[in-house]
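Let me begin by presenting the structure, written as structure tokens, before commenting on it.
Whatever order the structure lists ligands and atoms in, that order sets their numbers, starting from 1.
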Amino acid sequence: MTNRPNPRGLWVTLEGGDGTGKTTQADHARRYLSEIGRDVIRTREPGGSPLGDKLRHLILTEEMGSHAEALLFAANRADHIRTTVEPALAAGVDVVQDRYIDSSVAYQGYGRDLDPAEVRLLNMWATGGALPELTILLDLDPAVAATRVGNRGEQDRIEQEQDDFRVRLRDGFLTLAATEPDRFVIIDAGDTEAQVAGRVRSAITERLLTR
Ligand code: T5A
């Protein structure tokens, strides 16, 4: 598949607001990589490791200030990278990951009241500067995304944020994508699940061919 075989696994992250379809598309991406004969794991943040799962529960259920929230996400990320992501990549296994650093910069920075540059710096420190080869941003009108999440029933603490938060969030993600155009691919997530999955497959194939 690759022109210049790379012994490390391919690291792909999916980003976007709540309800843009990251979980759905992470499943498709994992299946696709497996179908083309690659070893692959799927993981997520918050979570992704035994400690990460405990932190996920805390983050999504306890009321806390923006600084505590940002630090807990960063702690989760530091552990997740060290125990799960980096060992897999080093062993040549691809990693499909639902959310990473960009979520913290977008939610805790652009969405809440923290400085996006400081949030990025904190997370780069926590992870030793580890960044994915490909970040797929699923971009969707916040109103449509809210309807999708609403249809599912119960919402967590962060999903209950209001409309202006979702708009700042979307703009924040688009700003991040514009800042790193080599790493990001923006995909319109408003079409059917199958159409979006086709675009995700194309983005992954293209990255595999050029690494
Ligand atoms: N957070 C996370 C931070 O604030 N900072 C951080 O650093 C990190 C890592 C995590 C929360 O924490 C925040 C962000 C989140 O608010 P979570 O449970 O992981 O919580 O939440 P999400 O990642 O947002 O997951 P969701 O499940 O809410 O959204 P997804 O994964 O984007 O969407 P998905 O795939 O579950 O789809 C939602 C619904 O839409 C349908 C699906 O079937 C599902 O019902 N759907 C479609 N419908 C129509 N057309 C399509 N193309 C569809 N694709 C999916």
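- Those atoms of ligand 1 that come under 4.0 Å of a heavy atom in Glu193, given as number and element, are 51 (C), 52 (N).
- A heavy-atom distance below 4.5 Å is not found between the side chains of Arg44 and Lys22.
- The ligand atoms of ligand 1 that sit less than 4.0 angstrom from a heavy atom of Gly21 are 30 (P), 32 (O), 33 (O), 34 (P), 35 (O), 37 (O).
- Here the side chain of Ser34 pairs no donor or acceptor atom with the backbone of Arg30 at under 3.5 angstrom.
- Distance check, rounded to the nearest 0.5 Å: CZ of Arg170 to CG of Leu137 gives 9.0 Å.
- Remark: Arg112 is not positioned above the aromatic ring of Tyr107, lacking an NZ or CZ atom under 6.0 angstrom from the ring centre and at most 45 degrees off the axis.
- Looking at ligand 1, you'll find an N or O of Asp191 within less than 3.5 Å of one of its N or O atoms.
- Using a 4.0 angstrom heavy-atom cutoff, Asn76 does not count as in contact with ligand 1.
- Here the shortest heavy-atom distance to atom 17 (P) of ligand 1, taken over Lys22, Arg99, Arg56, Arg112, belongs to Arg56.
- Using a 4.5 Å heavy-atom threshold, the side chains of Leu138 and Gln25 count as touching.
- Taking Ile, Leu, Val, Met, Phe, Trp and Tyr as hydrophobic and joining them when side-chain heavy atoms fall under 4.5 Å apart, one finds Val144 in a cluster with Leu140.
- The closest side-chain heavy-atom distance from Val185 to Thr135 is not below 4.5 Å.
- The shortest distance between side-chain heavy atoms of Thr23 and Arg42 falls below 4.5 Å.
- Residue contacts with ligand 1: Gln195 is excluded, as none of its non-hydrogen atoms falls under 4.0 Å.
- When each atom of ligand 1 is checked for a heavy atom of Gly19 under 4.0 Å away, the hits are 28 (O), 29 (O), 30 (P), 32 (O), 33 (O).
- At most 12 heavy atoms of other shown residues, nucleotides or ligands fall within 6.0 angstrom of atom CZ in Arg82.
- For atom 7 (O) of ligand 1, the nearest non-hydrogen atom from the set Gly48, Ala194, Ser104, Ala197 comes from Ser104.
- Under a 4.0 Å criterion applied to the non-hydrogen atoms of Glu45, ligand 1 contributes the atoms 9 (C).
- Considering each of Phe73, Tyr107, Tyr100, the one bringing a non-hydrogen atom nearest atom 2 (C) of ligand 1 is Phe73.
- Contact analysis leaves Gly16 out of contact with ligand 1, as no non-hydrogen atom separation drops below 4.0 angstrom.
- If you number the atoms of ligand 1 from 1 as listed, the ones under 4.0 Å from a heavy atom of Pro46 come out as 2 (C), 9 (C), 10 (C).
- Contacts with ligand 1 closer than 4.0 Å are made by backbone heavy atoms (N, CA, C, O) of Thr192 only, the side chain lying farther away.
- More than 12 heavy-atom neighbours from other residues, nucleotides or ligands sit within 6.0 angstrom of CD on Gln195.
- Ligand-side atoms of ligand 1 in range of Asp18: 14 (C), 15 (C), 16 (O), 21 (O), 22 (P), 24 (O), range being under 4.0 angstrom from any heavy atom.
- Atoms of ligand 1 found under 4.0 Å from any heavy atom of Gln108 (numbered from 1 in listed order, with element): 3 (C), 4 (O), 5 (N), 6 (C), 7 (O).
- In this structure, Arg77 is part of the shell of residues with a heavy atom less than 4.0 angstrom from ligand 1.
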